[in-house]
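Just below is one structure, and these are the notes that go with it.
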Amino acid sequence: MTLDSGQVFHWEKHGDGFVGTIGDRPFYVEQRDGKLFFLGGKGGLIANYFALDHPLAEICASFPQDAIMNAAREFCCGLRIIRQPRWECLATFICSSMKQVAHIRQISRALRHRYGERHQLADIELHSFSAAERIARTSEAELRACALGYRAKNLLATARLVASGEADLESWSALPDDELRPRLCALPGVGAKVANCVMLFAYERLRAFPVDVWIERILKEKYFTRKPRVTAQHLRDFSATYFGEHGGYAQQYLFHHARKTSSRRRGAAARPRWRRPRRFVSASDVRYDSRL
DNA sequence: CTCCAGGGATGAT
DNA sequence: ATCATCCATGGA
């Protein structure tokens with residue numbers, strides 16, 4: 001559920017699990033019987049990436065108690081906000097504007113296969129995400145060949161700022177939210193929404209509350225029912241306070257629940273419901289399995 | 001076929 | 001501050 005929730009776009013289904021890279025290390029991961037089995041690299045890296053130390057029960061308890069939030073909380077049981085590498089997260093969300101999740105995955109794949117490093121894991125071939133330095137050396141025309149469209153110019157310009165060190169994404173982790181956000185928004189192709197996504201998914205700012213078309217629809221239809229003319233300012237103030245200290249988590253639960261249960265998706269209602277695990281997977285549940 | 005998607009930059013009120 | 005328009009592409 002975590003890897004299919006629209007926060008990260010490069011993990012691909014393989015057998016009963018997923019293959020992908022954490023930084024520059026290839027992994028296969030598979031959740032089975034309340035444990036997380038893996039192949040490749042070290043378990044500690046996985047536990048950190050999947051944020052298995054986040055106190056999920058406490059976080060979910062901090063969400064507001066209302067009908068919409070309760071439904072999302074139950075539907076998304078076990079979903080975590082993971083710790084993504086900064087550049088990888090920033091680059092993919094620059095590419096995300098006016099794109100469906102399925103196509104963002106396609107763009108991520110095109111960039112990785114063209115500019116990422118190739119890895120071998122057992123008989124599986126996979127590519128890590130393209131370094132900023134590598135993308136900075138390409139051209140806008142070449143990026144457009146990856147189906148980036150008008151986003152190519154922004155990705156290239158931001159890659160060059162990051163590669164040159166002018167935008168030092170790692171050192172920015174020490175900044176408070178109200179200084180980090182304007183730094184991100186100053187990058188080409190980064191506005192309020194993408195900045196909040198990067199803060200939430202790559203800087204562990206769990207209050208950051210990205211408002212995309214789905215969340216805006218939920219806020220207006222469910223929380224501001226029959227109140228036309230809600231200003232963007234009002235929506236910002238509301239989402240910044242109402243959902244509490246882990247507002248970003250709440251936002252991800254609302255997003256994933258809405259996307260997976262939307263009546264527009266054929267057969268969504270007939271889909272078998274997620275079963276609540278006996279307890280959340282934690283860092284002590286990570287198992288290496290060479291047979292995988 | 002049509003509709004719309006995890007938006008941002010720019011310029012006009 | 002709020003709004004209109006343009007920007008490319010392909011999934012549903």
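Residue numbering restarts at 1 for every chain, and letters A, B, ... go by the order of the sequence lines. The structure displayed is predicted, hence computed values, not measured ones. Computed over heavy atoms, backbone and side chain alike; hydrogens, waters and symmetry mates excluded.
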Revision key, fill the gap. Note: for A/A232 and A/S97 on DNA chain C, the residue whose nearest nucleotide lies more 5' is A/A232

Practice item. For residues A/F38 and A/V286, determine if any side-chain heavy atom of one lies less than 4.5 Å from a side-chain heavy atom of the other. Key: yes

Review point. Tell me, do A/Y288 and A/F37 make a side-chain contact under 4.5 Å, heavy atoms counted?
Key: no

Could you measure between the two [atom1] atoms, the one in [N] and the one in [M], and give it in whole Å?
N: C/dG10; M: B/dA9; atom1: C1'; answer: 23 Å
N: C/dA8; M: B/dC4; atom1: C1'; answer: 13 Å
N: B/dA5; M: C/dC7; atom1: C1'; answer: 14 Å

If you only use heavy atoms from C-beta on, which nucleotide in [options] is closest to the side chain of [X]?
X: A/A147; options: C/dG10, B/dG6, C/dA8; result: C/dG10
X: A/Q233; options: B/dG6, C/dG11, C/dT2; result: C/dT2
X: A/H103; options: B/dG7, C/dG10, C/dG11; result: C/dG10
X: A/R217; options: B/dG7, B/dA5, C/dG10; result: B/dA5
X: A/A102; options: B/dG6, B/dG7, C/dA12; result: C/dA12

Practice item. Please say which of A/F63, A/Y223, A/Y253, A/Y249 ends up in a ring-ring contact (aromatic ring centres under 6.0 Å, His included) with A/F243. Key: A/Y223

How long is the line joining [atom1] of [X] and [atom2] of [N], in whole Å?
X: A/E216; N: B/dC4; atom1: CD; atom2: P; answer: 14 Å
X: A/K99; N: C/dG11; atom1: NZ; atom2: P; answer: 8 Å
X: A/N154; N: B/dG7; atom1: CG; atom2: P; answer: 14 Å
X: A/F255; N: B/dG7; atom1: CZ; atom2: P; answer: 8 Å
X: A/E140; N: C/dC7; atom1: CD; atom2: C1'; answer: 12 Å
X: A/I94; N: B/dG7; atom1: CD1; atom2: P; answer: 14 Å

Revision key, fill the gap. Between A/I215 and A/L187, the residue closer to the 5' end of DNA chain B by nearest nucleotide is A/I215

Study note, to complete from the structure: Closest to the 5' end of DNA chain B, once A/C185 and A/Q251 are matched to their nearest nucleotides, is A/Q251

Practice item. Given side chain to side chain donor-acceptor pair (under 3.5 Å), test A/S5 with A/Q7 step by step and report yes or no. Key: CA-CA 6 Å; A/S5 69; A/Q7 63 177 305; 3.3 Å; yes

Point to revise | Distance-only donor-acceptor test, A/Q252 side-chain atoms vs B/dG6 base atoms, 3.5 Å | key: yes

Check your understanding: Is A/Q100 near enough to B/dG6 that one of its side-chain N or O atoms lies under 4.0 angstrom from OP1 or OP2?
Key -> no

Review point. Using a cut-off of less than 4.0 Å, is there contact between a side-chain N or O of A/R151 and OP1 or OP2 of B/dG8?
Key: no

**Study point:** ring-ring contact (aromatic ring centres under 6.0 Å, His included) between A/H127 and A/Y115, intermediate numbers included
**Key:** CA-CA 9 Å; A/H127 298 258; A/Y115 307 114; over 10 Å; no

Study note, to complete from the structure: If pairing means Watson-Crick or G-U wobble with both distances under 3.5 Å, then the partner of C/dC6 is B/dG8

